[in-house]
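No experiment lies behind these values; they were computed from the predicted model shown. Each chain gets a letter, A, B and so on, in the order the sequences are listed, and its residues count up from 1.
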There are 2 protein chains.
Amino acid sequence: MRAALQLVADDGLAATTTARIAEMAEVAEGTIYRHFSTKDELLIAVYRQIKRDVFEQVTDAYEPAANITERFVHLWHQTFLAYRADPQKLIFVQKFSETELVRTEGGLAHKPMAELLGALHRDGIHAGQFKSLPIDLMTGLFYAPIISILRAEQSGPPCPDTQIKTAMAAAFDAWRICPPIQETQIMEKNDAN
Amino acid sequence: MRAALQLVADDGLAATTTARIAEMAEVAEGTIYRHFSTKDELLIAVYRQIKRDVFEQVTDAYEPAANITERFVHLWHQTFLAYRADPQKLIFVQKFSETELVRTEGGLAHKPMAELLGALHRDGIHAGQFKSLPIDLMTGLFYAPIISILRAEQSGPPCPDTQIKTAMAAAFDAWRICPPIQETQIMEKNDAN
DNA sequence: GTCTATATTGGGATAGAC
DNA sequence: GTCTATCCCAATATAGAC
C-alpha cells in the first residue's frame with residue numbers, strides 16, 4: 001500500500017502498474033493478489049486509509065459548539081496540517097478522485113468529512129454569515145488553497161505563514177457573505193452580454 | 001475529434017480507445033492514423049481547439065481598460081457561457097488536465113487565458129482590491145464555480161441566475177480583500193493548535 | 001483517403017510449486 | 001504466504017490492398 005501510494009503520487013495512476021508496485025514493495029507480482037483480489041481494490045484501500053487518517057486528525061479537539069469562524073479555522077487548518085505532514089497523500093487523493101474509481105468506491109470514505117463541512121456550512125448560513133452554495137462547490141473552495149499550497153511546496157520552499165493565512169482567508173471569504181467595497185455593481189453587471 | 005471529445009467527456013480518458021473513437025466517428029480504426037500520428041496527438045488537438053474557441057469568445061468585446069469589477073465579471077461570465085454552450089468541452093478539459101498529457105502538451109493552449117487572468121489579478125492587487133494569491137490558486141478559484149454549476153446542470157435542471165450570481169460572487173470574494181464582519185479573529189485564531 | 005487484417009506490446013490476473 | 005512462470009486480453013499502431 002505504501003508503494004502504491006508513492007507511485008501514484010509520483011507518476012500517476014496510469015503509470016502505476018502491478019509490476020512496479022511489486023518491485024517497489026520488494027515482493028513478487030503474484031503476492032499482491034494474496035492480499036487484494038484486484039488492483040482497484042488495493043487502490044481503494046489506500047484511498048480509504050488516507051481519508052480515515054485525515055478525518056481522525058481533523059476531528060481531534062474539534063469543538064462543534066464553537067463559533068462559526070473558529071470552527072472553519074480549525075477544520076481548514078487541521079486538514080492543511082494533516083496533508084502537509086505527507087503531501088503524497090493529497091496528491092494520491094486528487095489523482096484517485098479524478099478517475100472512475102471514485103464511482104466504484106462509492107464515496108463512502110469521503111462522507112464523514114463532507115458531513116462535517118456540511119454541518120458547519122449550514123450553521124453559517126443559518127447565522128447569516130455564509131452564502132448558500134452547492135455542496136460540491138463549497139468543498140471545492142475549501143480544498144483549493146490546500147491543494148495549491150502543498151503542490152507549490154512539493155517543488156519549492158515551505159510557504160510562509162502569512163501566505164497560508166491569506167490562502168485560508170480566500171476560502172473563507174468565498175464562503176462568507178462579504179460586504180461590497182464601493183459600488184454594488186458586482187451583481188448588476190453580469191446581465192450585460 | 002468530435003467523437004473523441006464526446007467519449008472522453010462521457011466515459012473518461014481510460015475508456016476512450018481508438019477502437020471506440022473510430023466506431024463512433026464511423027470510420028475504420030486505421031483511418032485515425034492518416035490524420036494523427038498518435039492517439040495522444042489527437043487528444044491534444046481536441047484540447048487545443050477547445051481552448052482556442054473559448055479564448056476567442058471570452059476576449060470578444062473585452063475591455064482591458066474597464067474597471068476591475070467589470071473586467072472580472074466579463075471574463076467569468078463569458079467563460080461560463082462558453083462552456084455552458086457545450087459542457088462536454090469543460091469535462092474534456094478537466095479530464096485532460098488531470099493526466100500526464102498536459103505535460104506533453106506543454107501548457108501552450110492554456111497560456112493566453114492564464115495571462116488574461118494574471119493581468120487582471122495584478123491590476124486588482126495594484127488597486128488594493130485583490131489579495132495576493134499564487135497564480136494557480138487564483139485560476140483554481142476562478143474556475144471552481146463554473147465547474148461546479150455545469151457539472152450539476154449535466155444531471156439536473158438549469159441553474160437559476162441568482163445561484164449563478166452567488167457562485168460568481170464566491171470566486172470574486174475569494175480574490176477580493178473582504179472587510180471582516182465582526183471580530184478580526186479570522187487571522188489570529190489559526191495559531192491555536 | 002479509407003478500408004481489412006495483423007503485428008506487437010504490455011498490462012492484469014492465475015496456476016501451481018515451494 | 002511467497003515465489004516463478006504463464007495465460008489472456010485489450011489496446012496502439014502498422015501494412016498493404018483498393
Side-chain angles (χ1 to χ4, degrees), chain A residues 1-50 88-89 91-109, chain B residues 1-50 88 91-106 108-109:
Chain A
M1 286 172 72
R2 228 179 306 124
L5 166 61
Q6 191 172 333
L7 281 171
V8 171
D10 288 351
D11 302 336
L13 261 129
T16 303
T17 62
T18 48
R20 291 187 70 197
I21 295 171
E23 186 191 11
M24 176 165 279
E26 289 178 318
V27 296
E29 205 175 339
T31 305
I32 292 174
Y33 294 91
R34 288 283 151 184
H35 303 276
F36 304 95
S37 64
T38 212
K39 186 195 164 192
D40 288 359
E41 199 183 90
L42 162 60
L43 294 173
I44 287 172
V46 174
Y47 176 75
R48 289 197 167 146
Q49 180 143 110
I50 294 171
Q88 288 190 331
K89 288 183 180 172
I91 312 281
F92 181 95
V93 168
Q94 282 289 107
K95 298 228 168 111
F96 184 91
S97 305
E98 291 154 359
T99 65
E100 315 303 307
L101 272 175
V102 267
R103 250 182 287 277
T104 61
E105 195 271 333
L108 242 157
Chain B
M1 285 172 71
R2 229 179 305 124
L5 166 61
Q6 191 172 333
L7 282 171
V8 170
D10 288 351
D11 302 336
L13 261 129
T16 302
T17 62
T18 49
R20 292 187 68 201
I21 295 170
E23 185 191 12
M24 176 164 280
E26 291 178 316
V27 296
E29 207 175 339
T31 306
I32 292 173
Y33 294 91
R34 288 282 150 184
H35 303 276
F36 305 94
S37 64
T38 210
K39 186 194 164 193
D40 288 0
E41 199 183 272
L42 161 61
L43 294 173
I44 286 171
V46 175
Y47 176 75
R48 290 197 167 145
Q49 180 144 109
I50 295 171
Q88 288 190 330
I91 312 280
F92 181 96
V93 167
Q94 283 289 108
K95 299 230 166 108
F96 184 92
S97 305
E98 290 152 1
T99 65
E100 315 303 307
L101 271 175
V102 268
R103 250 181 287 277
T104 60
E105 194 272 332
L108 242 157

Beyond-backbone contact of B:L13 with B:L101, side-chain heavy atoms, under 4.5 angstrom
yes
Report yes if some heavy atom in the side chain of A:D40 is under 4.5 Å from a heavy atom in the side chain of A:T104; otherwise report no.
no
For [X] and [Y], which heavy atoms make the closest approach, and how far apart are they?
| X | Y | answer |
| --- | --- | --- |
| B:I32 | B:T18 | CD1-O, 3.6 Å |
| A:F96 | A:Y47 | CD2-CD1, 3.3 Å |
| B:K39 | B:Y33 | N-CE2, 4.4 Å |

Within the distance-only criterion (no hydrogens, no angle test), does the side chain of B:T17 pair as donor or acceptor with the backbone N or O of B:R20 below 3.5 angstrom?
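Checked: pair present.
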Is a donor on one side and an acceptor on the other found under 3.5 Å between the side chain of A:R48 and the backbone of A:E105?
yes
Taken to the nearest 0.5 Å, the spacing of A:M1 CE from A:F36 CZ works out to 5.0 Å
Give the intermediate values and the outcome of side chain to side chain contact (heavy atoms under 4.5 Å, CB included) for residues A:I21 and A:L42.
CA-CA 11 Å; A:I21 295 171; A:L42 162 60; 4.0 Å; yes
Taking any atom under 4.0 angstrom from a heavy atom of chain B, which nucleotides of DNA chain C are the first and last to qualify, 5' to 3'?
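In short, chain B contacts DNA chain C from C:dT2 to C:dT4.
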Counting only non-hydrogen atoms, which of residues 33-46 of chain B are less than 4.0 Å from DNA chain C?
B:R34, B:H35
Answer yes or no: are there more than 12 heavy-atom neighbours, outside B:R2 itself, under 6.0 Å from its atom CZ?
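12 or below, so no.
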For DNA chain D, the residues among residues 1-30 of chain A that have a non-hydrogen atom under 4.0 Å from it:
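Of all residues in residues 1-30 of chain A, the ones placing a heavy atom under 4.0 Å from DNA chain D are A:V27, A:A28.
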